[in-house]
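First comes the structure, then the notes that go with it.
Lettering of chains follows the sequences in order, A, B, ..., and the numbering in each one begins at 1.
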Number of protein chains: 2
Amino acid sequence: MATIQEVAKYAGVSVATVSRVINTPDKVKKQTLFKVQNAIRELNYEPSVLGRSLRTSRSGLLLVLLPSVSNPFYAQIINGIQDKAIASGYNILLCETDSDPDREVIFFNMIKNKLADGIISMDPTVNKESLIELSNKYPIVQCSEYAKDNTLSYVTIDSKRAAYQAVKHLIKLGHKKIGLINFDKKFLYASERYSGYEKALKEFDLKVKDEWIYNTKYLNFESGQQAMRVLLNQTDRPTAVFAVSDVLAVGALKELHINQLKVPEEMALFGFDNIEISNVVYPPLTTVAQPMYDLGAISAQMLMSKIKGEEVESRVLDHQLIIRETT
Amino acid sequence: MATIQEVAKYAGVSVATVSRVINTPDKVKKQTLFKVQNAIRELNYEPSVLGRSLRTSRSGLLLVLLPSVSNPFYAQIINGIQDKAIASGYNILLCETDSDPDREVIFFNMIKNKLADGIISMDPTVNKESLIELSNKYPIVQCSEYAKDNTLSYVTIDSKRAAYQAVKHLIKLGHKKIGLINFDKKFLYASERYSGYEKALKEFDLKVKDEWIYNTKYLNFESGQQAMRVLLNQTDRPTAVFAVSDVLAVGALKELHINQLKVPEEMALFGFDNIEISNVVYPPLTTVAQPMYDLGAISAQMLMSKIKGEEVESRVLDHQLIIRETT
DNA sequence: TTATCAAAAGTAATCGATTACATTTTTTTG
DNA sequence: CAAAAAAATGTAATCGATTACTTTTGATAA
C-alpha cells in the first residue's frame, strides 16, 4: 500500500495537501486537486485506517457482541443493525463471546483503543459496575439483554409480560399443568420469563411445581430435547410446556415426535422469539414474536446518536403472540 | 485510558523502559520493573493496539468473511476457527458481506491497513485476479468456497463427488425422476454439486430435465419451500429431490407437509451440510455431512502458519453420507 | 584506584495519518 | 498599482507505541 507521503511526492505537493484532497477537497485549488487525485489513482492509494484513527480517534467500526452466532435469533437482529450502520457509513464487526467475560474484555479494549467507535452488546450482564463505568466513557447500547440503570441505554422487549401472556394463553385453553423449559438465569430474559410464568400460574391459582421446570445449560436443540425428555418422564406430567426460546422448543418438539405424542392434543408447546425455523417445523410452532429487525435497527441508531454525543432514551418494543398449531 | 507516557512519568522512567517492561521484562532491573509494573497497575494502563500495530504491523486479529450469519452452516465452522485462533492468541472478527464485493473490499482494506493479520474467506470468488493479487501480499485462506489456483490456499470438500454419491444413492433406491434444488451458481459449491448431480444421472441413463431443476435466489427456508412448490406443480413430477443445502431441504420438507405428501414414500429428499436442524425436523433429513468444525479449525491453523511465513498446502476433507429417514 | 565491559536506562526516529499555524500565492479593492 | 484580504499550500507537532543507537550506571579485575 502506498502511503500519503508517497502520494505527496508523486504529485509534487505536501502531505497536508494530499490529506486535504481527501478530507476537505473544496479547500484545494482545482488544478492541484486533479494532480493529487491522479497520483492517488496511479499509486492505488487508500488512507490507512490505523494512522487516521490514531490521530482522529474515529474508526468507522461498530462492534456487536453476541454470546453465540449459532442462535438464529441474533441473525435477524444483526440484519437490522447492519442496514442502519451501513446507511450511516459504519461497518460492523461481530464478536462472539461465548458469554465469557474474559473474551468480552478483549473487545471492550478495542473501543478503549479506538479501534472501534461504539459497542452494541447482546451479552448477559455479568458485571454491572464495570459496564456502567465503561458506558460513561464510551458509546455503548445494550440490545435485548440489559442491566437496568439510568446511565445505561438499552433496547429490549418486556419479557416478563410476554411470558405472562403466553402462559395465560395456555391456561385459557384449559391447561392446568404447565411446564417450563428455561435457560441459564444469568440471562436476564431467562429470569424475567420465569417471573411471567410464575405470575400467570399464581393468578389462576395453579401450582408452580419444581419438577415441571427444567433449566437447560446450553441453548441448542439438543438441550430442548433433553428437557422435554425429563418432563415426559414424570409420572404426573404437564399437558403443556412453555419454552423460553424457540431453539429449545424445536428440540422439545423433536422429543414429542420420537414419543409419538400428538401436538397439541397430548402436549401443547409455546415457544419464544419467532425465529424463522419456528414456522418451518411441523406442526408450526406457537410463539412470541420479538421485533428482531427493529431491535437491531433501533440499537444501531441509538448507538450512532450516542457517538454523536446526543442524548438517547432506552426503548421497550412491542412483542406479539403468534398462535400457530402447537397450542 | 492512560498512555505509555503517563506511566513513564508516574514511574519516573522513560517510555522506552515502560515498553521494555511490557515486551522484554528480563531486560530491565528488578527494582525498576517493580516500580513500572506498579505504575501500570495504578494507572490501569493497557497498551494501545492502535499505536502498537502502527509500529509493529501486528494486530492479533483474524478476519472471517462470510456471506451471511443466518446460515447455521457457518456457525460450526466458526467454532472451529475460534477454538484454534484463541489457542494461539488470536481473536476473530466476523464480517458479514452479503456476498457483496463492495462490502468485501472494506474488509480487505482492514488487512492492508494492518488492522488485521489475516483473512479466512468463505465468500464466493467474484474476482479471482484481485484475490490472487491480494493473497500474494497478505495471508489469506479460503474455506469451503474457493477459487482454484496454485497461489491460493483453501480447505474444502469434494462437492461434486458428494453430490454424485447422494444422487446415486437415490437412484439405487429406485428413483428415476430426480429433481434438484440448487442455489446461485456464482457459488462454486452450487455449480459443483450440479455437476455431480448431472454425472450421476448420465451414468444411469436418466435424463436431466430442466423442469426438475430449480435455482433459488436466496439461501433460506422460504426459498426451499418455494422451490418444492414449483417442483410439485409439474404434471410429471419427480419422485425424489436433491437439495444442495439443508436449509433449502428443510424449507422443501415444509412444503411436503403442507401438501400432506408422505416422506419418503411419495417424495424422497436428500439434503447437504448436516446442520443441526437437519436432525431435528420430522422426519430427520438424509444429508451429506461436511466436517464443519474441522473445516474451520484447519483453515485457522493454515492461516496462522501463513502468517508465520510458512508454506501451506490446500486440503480437501472427507464428507460422509448420513442416511436418515427422508430417503 | 582506575580501566574494562556488561547491564540498564535514556534519546529520538519511526509507523501513517491530521491539523493548527505560518507562509506564499492569488484575488480584490481603493 | 500597492495594500489588504482571501485562498492555497507548506511546516511541523501530534496521536501511542517500538526499537536502534547512545549514554549512564555499576560490577569486576588488574
Legend entry - Y45(A) side chain, from C-beta outward: closest of dA17(C), dA17(D), dT11(C): dA17(C)

Inset, instruction - Select from D26(A) and V15(A) the residue whose nearest nucleotide in DNA chain D is closer to the 5' end of that strand. - result: D26(A)

Legend entry - Presence of T3(B) side-chain N/O under 4.0 Å of dG16(D) phosphate oxygens OP1/OP2: no

Inset, instruction - May I ask you to evaluate whether N113(B) reaches the phosphate of dG16(C), defined as a side-chain N or O under 4.0 Å from OP1 or OP2? - result: no

Legend entry - OP1 or OP2 of dT18(D) under 4.0 Å from side-chain N/O of S19(B): yes

Inset, instruction - Establish, with yes or no, whether the OP1 or OP2 oxygen of dG10(D) is under 4.0 angstrom from a side-chain nitrogen or oxygen of T17(A). - result: yes

Inset, instruction - Drop me the distance from S305(A)'s OG to E310(A)'s CD, to the nearest 0.5 angstrom. - result: 4.5 Å

Legend entry - Polar side-chain atom of N113(A) near backbone of L115(A) as donor-acceptor pair, under 3.5 Å: no

Inset, instruction - Establish, with yes or no, whether the OP1 or OP2 oxygen of dG16(D) is under 4.0 angstrom from a side-chain nitrogen or oxygen of R52(B). - result: no

Legend entry - Selected nucleotide, minimal atom distance to T56(B) side chain, candidates dT11(D), dT18(D), dA17(D): dT18(D)

Legend entry - Q142(B) (side chain) donor-acceptor with I120(B) (main chain) under 3.5 angstrom: no

Legend entry - Distance below 4.0 Å between N23(B) side-chain N/O and dT19(D) OP1 or OP2: no

